[in-house]
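Read the structure below first, then the notes.
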Amino acid sequence: MIRVGIGYDLHRLAEGRPLVLGGVKIAFDRGLSGHSDADALIHAVIDALLGAAALGNIGQHFPDTDPRFENADSVDLLEQTVRLISAAGYEIVNIDCNVVAQQPRLGPYLDEMRDRIAKVLCIALDRVSVKAKTNESVGPEGRGEAISAQAVVLLEERA
Ligand code: MG
């Protein structure tokens, strides 16, 4: 039995914040605003995993009203999610992601993001794909107001 899940997230870009995507710090003059470290890519991955297992969504497990998650490292939240997925009896087959950002150019960081995600998910690097896109200068991502991310994950029930 296999199950598919989809995740999406968007955070606004703001001055005075570090930019963290896929658990990787990225050199840029602005970062994503949010309660946690606002790592939109990791948040999309978490929602895809939870969705595939029909275990709700990121806001139910890690509410942004909870002071425990203020400035949280989203990779820690992903680790907790992986434990939930495993406890529910699933293994992760593969994951594919898009990050939509007009700036900065993310190409040089993609392999490091894949490596970070693969390690946390405890799967081989060739099972993790992260792709970057601009938004052709239109919409909130294209105007540099926000960065968004999408993830699709496949789970398999453990034999
Ligand atoms: Mg988020």
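As the structure lists them, so they are numbered: ligands from 1, and atoms in each ligand from 1. Being a predicted model, the structure only gives us computed values, none of them experimental.
Looking only at distances, no side-chain donor or acceptor of R30 sits under 3.5 Å from a matching main-chain atom of R12.
Electrostatic pairing of R17 and D37 does not count as a salt bridge here, judged by no charged N lying under 4.0 Å from a carboxylate O.
Each of H61, H35, H11 was compared with H43 under the ring pair (Phe, Tyr, Trp, His ring centres under 6.0 Å) criterion, and only H11 meets it.
Residue D39: no N/O/S atom is found under 2.8 Å from the Mg ion (ligand 1).
Sequence neighbours left out, the pairs with a member in residues 112-123 that pass side chain to side chain donor-acceptor pair (under 3.5 Å) are D111-R114, D115-K119.
Rounding to 10 degrees, one finds that the Mg ion (ligand 1) sits at the corner of an angle of 100° between H43 ND1 and H11 NE2.
In D9, the N, O or S atom that comes nearest to the Mg ion (ligand 1) is OD2.
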